[in-house]
Enquirer: 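Take a look at this one; I'll ask things after.
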Amino acid sequence: MLTEPRSGRLAAWGNALLAGLVSPDDAVLAIVGEDAVHRVEGLPGEPAPVGLTLALGRLRALGATALRVALPAPGHPLGLSGPPEFNARALEAEEAVVCHGAAFGLVPEVYEAGPAGDVHVEVVWHVLPVREAPPADVPSLGEAERELAEALRDATEVLSKLDVAGSGPVAEAAIDAYRARAEQGREVLAPGYPPRAVRVLELAQRVGLLVSLAYENGHGGAVSASEMAARGAALRPVERTARRALVAAYNSVVEERERGR
């Protein structure tokens with residue numbers, strides 16, 4: 001969760017393109033990011049993989065009016081609506097994009113190629129049928145923002161008591177460095193998103209970074225089995241809350257559209 005998920009970039013800039021707020025070239029450039037190339041495989045009527053520009057246009061012709069994000073984890077099918085085949089592929093990738101208005105979803109498969117020091121990344125998005133139903137466990141932006149504030153407070157308190165690395169000044173410095181890097185040449189979300197979605201996304205990324213730092217920097221002072229269990233119990237719901245907030249932010253365009261009907 002330290003970086004923007006590929007499904008988030010595809011949904012955010014795909015939504016901006018579908019709404020006519022950005023050009024196809026700008027949308028594709030933002031979606032691909034630092035990867036070498038993205039292709040889409042399995043589109044109806046296309047026997048071979050195609051580029052993102054053609055794929056997004058074809059999805060619009062098939063009825064897609066917006067794109068949603070899913071960030072599932074074991075035991076938590078966040079953003080998914082079935083069928084089981086699609087859910088399983090999305091769970092394996094830990095992310096997916098689901099079309100709103102058309103019964104299709106896209107799951108990324110990532111390939112790395114090239115020698116050490118010159119590795120480039122290629123992504124193939126597999127188009128699969130999905131069930132048109134409300135996505136699982138996605139909160140509203142308001143709910144996500146409230147939950148994040150509570151989760152951040154509770155997790156910081158618990159982790160500080162356990163003397164876990166990732167809850168003090170070192171973590172704050174790492175977060176500041178990450179945010180500085182993220183702000184260089186990156187637009188948060190995409191044109192058309194409400195300011196509250198940007199705020200929720202940034203806070204969710206901050207909370208996710210805290211969780212990752214706590215996991216990556218060992219047990220700190222939590223040396224007993226009961227303390228380590230308490231640390232895990234504190235981190236799991238916080239990580240879940242951060243993922244739910246990320247999905248809420250990316251899906252807020254669809255939420256606003258449905259609320260305005």
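Since this is a predicted model, take the numbers as computed values, not measurements. By convention here, the first residue in the shown sequence is residue 1.
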Enquirer: Test of understanding: clusters of I, L, V, M, F, W, Y form through side-chain heavy atoms closer than 4.5 Å, transitively. Do Leu10 and Val254 belong to the same one?
Expert: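 Unlinked, Leu10 and Val254 end up in two clusters.
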Enquirer: Hey, does Leu106 have a side-chain heavy atom less than 4.5 Å from the side chain of Leu59?
Expert: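 Yes, side chains in contact.
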Enquirer: Any donor and acceptor pair, going by atom type alone, linking the side chain of Ser81 with main-chain N or O of Arg131 inside 3.5 Å?
Expert: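 Present.
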Enquirer: Please evaluate residues Val207 and Thr241 with respect to the criterion side-chain contact (heavy atoms from CB on, under 4.5 Å), reporting the C-alpha separation (whole Å), side-chain torsions for both, the decisive distance (0.1 Å), and the verdict.
Expert: CA-CA 9 Å; Val207 172; Thr241 297; over 6 Å; no
Enquirer: Just by distance, do the side chain of Glu202 and the backbone of Arg199 share a donor-acceptor pair under 3.5 Å?
Expert: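 No, the answer is negative, given that no donor and acceptor are paired below the 3.5 Å cut-off.
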Enquirer: Please test Leu246 against Val69 for side-chain contact (heavy atoms from CB on, under 4.5 Å), starting from the C-alpha separation and ending with a verdict.
Expert: CA-CA 9 Å; Leu246 284 175; Val69 169; over 6 Å; no
Enquirer: Any side-chain heavy atom of Leu56 within less than 4.5 Å of one from Leu67?
Expert: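 Leu56 vs Leu67: side chains touch.
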Enquirer: Determine whether a donor-acceptor pair (N or O, by modelled atom type, separation under 3.5 Å) exists between the side chain of Asp137 and the backbone of Leu78.
Expert: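 No; zero donor-acceptor contacts below 3.5 Å.
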Enquirer: Could you walk me through whether Leu54 and Glu46 pass the side-chain contact (heavy atoms from CB on, under 4.5 Å) check?
Expert: CA-CA 10 Å; Leu54 191 155; Glu46 295 293 340; 3.8 Å; yes
Enquirer: What pairs with Ala48 under side chain to side chain contact (heavy atoms under 4.5 Å, CB included), at least two apart in sequence or on another chain?
Expert: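 Once residues adjacent in sequence are excluded, Ala48 has no partner under the side chain to side chain contact (heavy atoms under 4.5 Å, CB included) criterion.
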Enquirer: For residues 29-45, pull every pair meeting salt bridge (charged side-chain N to carboxylate O under 4.0 Å, His left out), keeping only residues two or more places apart or in separate chains.
Expert: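 As it turns out, the salt bridge (charged side-chain N to carboxylate O under 4.0 Å, His left out) pairs with a partner in residues 29-45, which skip direct neighbours, are Arg6-Asp35, Arg9-Asp35, Arg39-Glu122.
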Enquirer: Taking distance alone, no hydrogens or angles, what donor-acceptor pairs closer than 3.5 Å link side-chain atoms of residues 21-28 to residues at least two apart or in another chain?
Expert:
residue : atom : partner : partner atom : Å
Ser23   : OG   : Asp26   : N            : 3.1
Ser23   : OG   : Asp26   : OD2          : 3.3

Enquirer: Does one hydrophobic cluster hold both Val97 and Val123, with members joined at side-chain heavy-atom distances below 4.5 Å?
Expert: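 The answer is yes; both residues are in one hydrophobic cluster.
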Enquirer: Do Tyr193 and Val253 have side chains that get closer than 4.5 Å, going by heavy atoms?
Expert: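 Tyr193 reaches Val253 side chain to side chain.
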Enquirer: Check the side chains of His120 and Glu112 for a donor-acceptor pair under 3.5 angstrom, ignoring hydrogens and angles.
Expert: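 There is no such pair between these side chains.
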Enquirer: Can you list, by chain and residue number, the hydrophobic cluster partners of Val130 when the side-chain cut-off is 4.5 Å?
Expert: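 Via sub-4.5 Å side-chain contacts, Val130 links to Leu80, Phe86, Val98, Val107, Leu128.
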Enquirer: By salt bridge (Lys or Arg N to Asp or Glu O under 4.0 Å), which residues pair with Arg146, not counting sequence neighbours?
Expert: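 Not a single residue meets the salt bridge (Lys or Arg N to Asp or Glu O under 4.0 Å) criterion with Arg146.
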Enquirer: Got Leu91 and His76 here, is their nearest side-chain heavy-atom distance under 4.5 Å?
Expert: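 With C-beta onward as the side chain, the pair stays apart.
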Enquirer: Quick one: side-chain hydrogen bond (donor to acceptor under 3.5 Å, both in side chains) pairs with a partner in residues 84-96, sequence neighbours left out?
Expert: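 Pairs touching residues 84-96 that pass the test: Ser7-Glu95.
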Enquirer: Start with the C-alpha gap between Thr65 and Leu18, add the side-chain angles, then the distance that decides, and say whether side-chain contact (heavy atoms from CB on, under 4.5 Å) holds.
Expert: CA-CA 7 Å; Thr65 57; Leu18 291 171; over 6 Å; no
Enquirer: Side-chain donor-acceptor pair under 3.5 Å between Tyr250 and Asn15, yes or no?
Expert: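 No, because no side-chain N or O of Tyr250 sits under 3.5 Å from a partner of the opposite role on Asn15.
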Enquirer: Please answer whether the main-chain N or O of Ala249 pairs with a side-chain N or O of Arg196 as donor and acceptor at a distance below 3.5 Å.
Expert: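 Such a contact is absent between Arg196 side chain and Ala249 backbone.
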Enquirer: Tell me whether Val127 is reachable from Trp13 by hopping between hydrophobic residues (I, L, V, M, F, W, Y) whose side-chain heavy atoms are closer than 4.5 Å.
Expert: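 Yes.
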Enquirer: State, with a plain yes or no, whether a side-chain heavy atom of Val200 is found less than 4.5 Å away from one of Leu148.
Expert: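 Of all side-chain heavy-atom pairs linking Leu148 with Val200, at least one is under 4.5 Å.
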